[in-house]
Asker: 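Could you have a look at this structure, given as structure tokens, before my questions?
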Amino acid sequence: MKLKALFLAATLAAGAMALPAQAADIQTRLIRFGYGLNQDSNQGRAVQVFADEVAKLSGGKMKIRAVGAAALGSDVQMQQALIGGAQEMMVGSTATLVGITPEMALWDTPFLFNSGEEADQVLDGKTGQAIMHKLEDKGLVGLVYWENGFRNLTNSQKPVKGPEDLSGLKLRVMQNNVFLETFQRLGANAVPLPFSELFTALETKTVDGQENPYNTILSSKFYEVQKYLSITNHVYSPWIVTASKKWWDGLSADERDVLLKAAAVSRDFERKDTRAEADKALAQLKADGMQVNTVSPEAVQKMRETIAPVNAQIEKSVGPDLWNAVQTQLKDIRKK
Ligand code: TF8
């Protein structure tokens with residue numbers, strides 16, 4: 001009897017909690033959400049948080065079907081599926097969107113941000129949001145930026161102590177002209193490849209090295225096929241959560257609200273989780289046998305000078321207004 005009453009009370013409480021979602025204009029929906037990393041990665045964990053939050057806020061009506069490890073395709077393939085309306089949502093690097101929205105190249109500026117917190121302020125601020133909304137002209141809706149992180153170099157040949165060591169190294173870069181040009185200027189033999197083909201390319205020695213944040217080097221098990229990790233922090237990479245505009249335009253205001261709120265929750269979780277993991281990942285990579293060296297400040301300065309012309313090229317493609325807006329905002333942040 002007592003147990004029955006308890007059950008009843010619990011059912012009523014659950015019903016009351018779900019009420020707002022039931023009253024809202026929300027349909028039963030299955031949302032395919034693709035991403036490139038493994039389920040057991042900072043990206044996979046944050047997608048799960050997003051999925052749980054969407055289920056909660058929609059009273060279980062909106063269901064995210066999360067598909068990781070690029071099983072729905074590389075970033076570029078998924079973007080095309082979103083634009084065409086064959087897939088609803090994804091998360092991937094802003095760098096892979098530059099071919100669609102050239103302004104995204106701003107985030108590929110080497111050494112633009114000094115910390116994740118600086119990046120948060122710029123990405124969540126006026127300029128970051130303006131660039132995100134430019135996707136809408138191209139059939140995509142940007143929801144939030146997540147942190148991929150500061151990128152560092154790995155390779156199977158030698159410790160990279162300065163630009164001289166990059167000379168002739170076959171280095172996989174993202175499919176993006178800024179990255180290609182940056183590493184060509186540094187003397188590397190830069191090879192653009194989708195992330196989904198990277199592990200095999202490293203394993204078969206089709207390329208000698210690559211660059212990604214510690215978290216990814218760990219979660220994608222690159223330490224199994226890469227001996228050397230050289231700390232450069234040469235660029236901060238954002239991820240961006242996007243939706244198909246074709247699909248988004250057919251959603252009700254309440255449904256969009258659920259997705260936007262859940263996206264904000266996932267963003268806050270993801271940045272915290274990624275930063276906490278990055279600190280531990282480096283130690284783990286050492287434990288897994290990687291030989292780690294920090295590129296000296298002098299050598300980093302030399303790198304900066306070598307790739308300075310890339311900045312002018314980015315400024316040209318994003319336009320002086322956006323370029324200057326970010327420079328001004330960064331100056332303001334750094335004054336405080
Ligand atoms: C890269 C990126 C990737 C991400 C991921 C697939 O090197 O850093 O890790 O785009 O979403 O391609």
Side-chain angles (χ1 to χ4, degrees), residues 33-48 50 66-82 87 89-101 104-105 107-108 110 113 116 119 140 142-155 170-180 182-183 188 190-202 206-223 225-226 229 232-242 266-267 270-271 273-274 277-278 281 285:
F33 190 121
Y35 61 98
L37 298 192
N38 298 321
Q39 203 177 331
D40 185 14
S41 68
N42 54 336
Q43 198 174 50
R45 288 190 293 274
V47 172
Q48 193 53 50
F50 177 71
V67 184
L72 293 182
S74 65
D75 282 9
V76 170
Q77 287 168 328
M78 290 196 286
Q79 288 154 13
Q80 292 310 319
L82 261 59
Q87 182 183 325
M89 295 188 74
M90 66 171 285
V91 63
S93 274
T94 55
T96 55
L97 280 166
V98 171
I100 294 173
T101 297
M104 287 284 170
W107 315 132
D108 300 330
F113 298 127
L140 295 168
L143 282 83
V144 280
Y145 292 102
W146 289 355
E147 171 160 306
N148 185 352
F150 282 96
R151 303 179 80 90
N152 290 297
L153 284 167
T154 68
N155 80 91
K170 260 185 138 180
L171 191 78
R172 176 269 180 176
V173 292
M174 289 192 279
Q175 294 159 294
N176 163 311
N177 281 335
V178 178
F179 276 87
L180 188 63
T182 299
F183 284 100
V191 185
L193 270 183
F195 185 82
S196 47
E197 290 170 28
L198 181 50
F199 187 91
T200 307
L202 294 170
T206 306
V207 293
D208 302 315
Q210 63 90 44
E211 40 88 55
N212 252 300
Y214 302 140
N215 309 52
T216 299
I217 299 168
L218 185 63
S219 67
S220 291
K221 299 195 173 8
F222 291 160
Y223 56 84
V225 286
Q226 298 277 272
L229 168 58
T232 49
N233 291 310
H234 52 274
V235 69
Y236 173 95
S237 249
W239 279 328
I240 187 166
V241 176
T242 50
S266 72
R267 174 197 61 206
E270 196 273 347
R271 286 175 178 167
D273 180 53
T274 296
E277 186 190 41
L285 291 170

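As the structure lists them, so they are numbered: ligands from 1, and atoms in each ligand from 1.
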Asker: Which one holds for E197 and ligand 1: side chain close, backbone close, both close, or neither close, with close meaning a heavy atom under 4.0 Å?
Answerer: neither

Asker: How many angstroms lie between OG1 in T216 and CG in N42, if you round to the nearest 0.5 Å?
Answerer: 5.5 Å

Asker: N233: which residues meet the side chain to side chain contact (heavy atoms under 4.5 Å, CB included) condition with it, sequence neighbours left out?
Answerer: F150, N152, I231

Asker: Select the closest option to atom 12 (O) of ligand 1 among Q210, R172, Q175, judged by heavy-atom distance.
Answerer: R172

Asker: Around atom 11 (O) of ligand 1, find the nearest protein heavy atom and jot down its residue, atom name and distance.
Answerer: Q43 NE2, 2.9 Å

Asker: Using a 3.5 Å cut-off on N or O atoms only, is E211 in polar contact with ligand 1?
Answerer: no

Asker: Among all protein non-hydrogen atoms, which one is nearest to atom 8 (O) of ligand 1, and what is the separation to 0.1 Å?
Answerer: N212 OD1, 2.7 Å

Asker: Please check this pair: side chain of N155 against backbone of D208, looking for a donor-acceptor N/O pair closer than 3.5 Å.
Answerer: no

Asker: According to side chain to side chain contact (heavy atoms under 4.5 Å, CB included), who are the partners of A46, at least two apart in sequence or on a separate chain?
Answerer: W146, F269, E270

Asker: Compare Y35, F179, W239 and give the one whose heavy atom is closest to atom 5 (C) of ligand 1.
Answerer: W239

Asker: Parallel, tilted or perpendicular: which one describes the rings of F183 and F179, with boundaries at 30° and 60°?
Answerer: parallel

Asker: Give the contacting part of L198 toward ligand 1: side chain, backbone, both or neither, where contact means a heavy-atom distance below 4.0 Å.
Answerer: neither

Asker: Look only at interatomic distance and state if D75 has a nitrogen or oxygen under 3.5 Å from any nitrogen or oxygen of ligand 1.
Answerer: yes

Asker: One residue to check: T96. Relative to ligand 1, which of side chain, backbone, both or neither has a non-hydrogen atom less than 4.0 Å away?
Answerer: neither

Asker: So, does G92 sit close enough to ligand 1 that a heavy atom of it is under 4.0 Å from the ligand?
Answerer: yes

Asker: What is the nearest protein non-hydrogen atom to atom 3 (C) of ligand 1, stated with its residue, atom name and distance?
Answerer: F195 CD1, 3.7 Å

